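Keep in mind that this is a model prediction, so the values were computed, not measured.
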Amino acid sequence: MTLQEVQNAVIEKKICILIPTYNNEKTLRRVIDGVLGYTDNIIAVNDGSTDSTAHILTDYPQITVISLPENKGKGNGLKIGFRKAKELGYHYAITIDSDGQHYPDDIPVFVEALIQEKHDVLLIGNRNMSQDGIPKKSSFGNRFSNFWFWFETGIKLEDTQSGYRLYPLLKIPKKYFTPKFEFEIEIIVRTAWRHVPVKNVPIKVLYDPAERVSHFRPFKDFTRISILNTILVTITLLYIIPRNFVNNFKKKSFKRFVKEDVLESDGSNRTKAFSIALGVFIGFSPFWGFHTLLVISLSVLFKLNKVLAFVASNVSLPPFIPFVIAASLFLGSPFVHGDSNILSSELNFELIKNNLFQYVIGSAILATSMSALCGIATFFFLNKLNPENE
């Protein structure tokens, strides 16, 4: 794209450039000057800087400046910037860090990628973390983040930590729970949960130890990020995956649902056998009240047949529960020196409570053995009926 085309697209698409900054006096002016080469639709958020940042910003009367009295974290600064951008009528915000690692001349990369999309999209700059000069701790942190983002959304990206991004302001969540570096993880995961595509675009990156000032605190921020990912994974397994499964079911006719989600013509016999094995394992396991959530979440995560796994998990339907409990107690007795004659007692929750460890050990043995038996039997049965689909 030519410079004029980029400038026109920025106006037409209602794009602004959001620059959160905290004590980056060495590089801030260079970043702002670079962005002004493309647009003066700039919002700078001074997050309580104690250096000459405030003075530098007074040299740019053409941009919008928000000055916060004290530093409360990058996430807080971005939230305030997003709110201001929407007040000013912008539909998209490109965020660029003020520490000099991002090149303003990559702005056309985001603009062109947005134009090519038919729907709203969240774009993240891919810094190519394998190149020379990238700190090893940054590369490891990015791989760590990429994995959990995939686990929580099913989307594979090469870079999820870059601060150079394009946000669709009308599609991102309105409220957030994190104020610092972990905010950039929360927002992309929760935006993806709203069915907004999240994609990478290639960008350049500069790591200059002499200029770059990083405010990342390895222990504190990594701990906060880990806590956030624990919460997001829990929500993914217990709500997001089951929600998506139910929504897909509602969107399809029964015939189409059976064809695509039950028969799955492109699913191999091995996949279907594993689906049955998973369902049986969950069904015999002592996760009462969570069987459906677990079996649907795990089958989606491991790309198994969701319906077959769900049907198989119903081995623990109420009429079968007494038999499952009795078998679990019997199988667990030799491993905890329990009483194998315990089955002569009345089966109730008090009995399970008093022999909990015996029951847990026995249910694990029962679940594992029945899962293996049913999975193997299913595979040979399907292979006999349809041998070419292995």
Hey, is the main chain of Asp59 close enough, under 3.5 Å, to the side chain of Arg29 for a donor-acceptor pair?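 Between the backbone of Asp59 and the side chain of Arg29 there is no qualifying donor-acceptor contact (under 3.5 Å).
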Check: Which of parallel (below 30°), tilted (30 to 60°) and perpendicular (above 60°) describes Tyr167 and Phe82?
Finding: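 Tyr167 vs Phe82 ring planes: perpendicular.
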**Request:** Give a yes or no on whether the backbone of Gly163 and the side-chain of Thr95 come within a donor-acceptor separation of less than 3.5 Å.
**Result:**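 Yes, Thr95 side chain to Gly163 backbone: donor-acceptor pair under 3.5 Å.
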Ignoring hydrogens and geometry, is there a side-chain-to-backbone donor-acceptor pair from Arg127 to Asp159 under 3.5 Å?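 No; zero donor-acceptor contacts below 3.5 Å.
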Query - Note, Leu157 side chain near Val198 side chain (heavy atom, < 4.5 Å) - result: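 Contact flag for Leu157/Val198 side chains = yes.
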Decide whether Phe177 and Val189 are clustered together by the hydrophobic rule: side chain heavy atoms of Ile, Leu, Val, Met, Phe, Trp, Tyr closer than 4.5 Å, transitively.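 Cluster IDs for Phe177 and Val189 differ.
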Using the six-membered ring wherever Trp is involved, compare the ring planes of His102 and Tyr164 and label them parallel, tilted or perpendicular (cut-offs 30° and 60°).
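Correct class here is parallel.
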Just verifying a value: how many Å separate Tyr22 OH and Asn46 CG, rounded to the nearest 0.5 Å?
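Output value for this atom pair is 10.0 Å.
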Exercise for the section: Report, as yes or no, whether the 6.0 Å neighbourhood of atom NE2 on His195 holds more than 12 heavy atoms from other residues, nucleotides or ligands. Expected result: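 Enclosed: over 12 neighbouring heavy atoms sit under 6.0 Å from NE2 of His195.
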More than 12 non-hydrogen atoms from neighbouring residues, nucleotides or ligands closer than 6.0 Å to NZ on Lys86, yes or no?
->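 Above 12, so yes.
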*Supply the atom-to-atom distance Asn23 CG to Thr53 OG1, rounded to the nearest 0.5 angstrom.*
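Separation between the atoms: 5.5 Å.
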Which label fits Trp148 and Phe144: parallel for a plane angle under 30°, tilted from 30 to 60°, or perpendicular past 60°?
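Plane angle over 60°, so perpendicular.
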Worksheet entry | Working for side chain to side chain contact (heavy atoms under 4.5 Å, CB included), residues Arg224 and Thr178 | CA-CA 9 Å; Arg224 296 173 70 96; Thr178 54; 5.7 Å; no
- Query: Does some side-chain heavy atom of Ile187 sit less than 4.5 Å from a side-chain heavy atom of Lys79?
  - Reply: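 A side-chain contact is absent here, since even the closest heavy-atom pair is not under 4.5 Å.
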query: Does Ile124 belong to the same Ile/Leu/Val/Met/Phe/Trp/Tyr cluster as Trp193, with side-chain heavy atoms less than 4.5 Å apart forming each link?
result: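 Shared cluster, yes.
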Next on the checklist: Please determine whether residues Ile11 and Ile63 belong to a single hydrophobic cluster, defined as Ile, Leu, Val, Met, Phe, Trp and Tyr linked transitively by side-chain heavy-atom distances below 4.5 Å.
Outcome noted: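 Cluster IDs for Ile11 and Ile63 differ.
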Cluster overlap Leu304 with Leu301, hydrophobic side-chain contacts below 4.5 Å:
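Yes; Leu301 is reachable from Leu304 via cluster members.
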*Could you tell me the separation between the CD1 atom of Ile225 and the CD atom of Gln161, rounded to the nearest 0.5 Å?*
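Ile225 CD1 to Gln161 CD: 6.0 Å, rounded to 0.5 Å.
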- [ ] Decide, yes or no, whether a salt bridge links Lys26 with Asp51 under the criterion of side-chain N to carboxylate O below 4.0 Å.
- [x]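 No.
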Task: Spacing of Ile15 atom CD1 and Leu114 atom CG [to the nearest 0.5 Å] - done: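 One gets 5.0 Å once the value is rounded to the nearest 0.5 Å.
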Are Ser275 and Asn305 close enough, and set up right, to give a side-chain hydrogen bond (donor to acceptor under 3.5 Å, both in side chains), and what steps lead you there?
CA-CA 6 Å; Ser275 303; Asn305 188 305; 5.4 Å; no
Note to self: Just verifying a value: how many Å separate Asn76 CG and Asn71 CG, rounded to the nearest 0.5 Å?
What the structure shows: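 Answer rounded to 0.5 Å: 9.0 Å.
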| message | Treating Ser268 as the side-chain partner and Thr271 as the backbone partner, does any N or O pair qualify as donor plus acceptor under 3.5 Å? | response |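 Side chain of Ser268 to backbone of Thr271, a donor-acceptor pair under 3.5 Å: yes, one is there.
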Looking at side-chain heavy atoms only, is the closest gap between Asn8 and Glu12 below 4.5 Å?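 No. Closest side-chain heavy atoms not under 4.5 Å.
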task: Run through Val111, Val6, Ile94 and flag the one making a side-chain contact (heavy atoms from CB on, under 4.5 Å) with Tyr38.
output: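 Of the listed options, the one satisfying the test is Val6.
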Problem - Side-chain donor-acceptor pair present, Asp40, Tyr60, cut-off under 3.5 Å - result: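 Looking only at side-chain atoms, Tyr60 and Asp40 do not form any donor-acceptor pair under 3.5 Å.
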_Using modelled atom types and a 3.5 Å cut-off, is there a donor and acceptor pairing between side-chain atoms of Asn269 and backbone atoms of Phe380?_
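No; zero donor-acceptor contacts below 3.5 Å.
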Next on the checklist: If hydrophobic clusters are built by linking Ile, Leu, Val, Met, Phe, Trp and Tyr wherever their side-chain heavy atoms come under 4.5 Å apart, do Leu170 and Val121 end up in the same one?
Outcome noted: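 Shared cluster, no.
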**Item:** Exam field: side chain Asp99 to backbone Gln101, donor-acceptor pair closer than 3.5 Å
**Value:**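 Present.
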Check your understanding: Does one side chain, of Glu158 or Asn200, offer a donor that lies under 3.5 Å from an acceptor on the other?
Key ->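 Glu158 vs Asn200: no donor-acceptor pair found between side chains.
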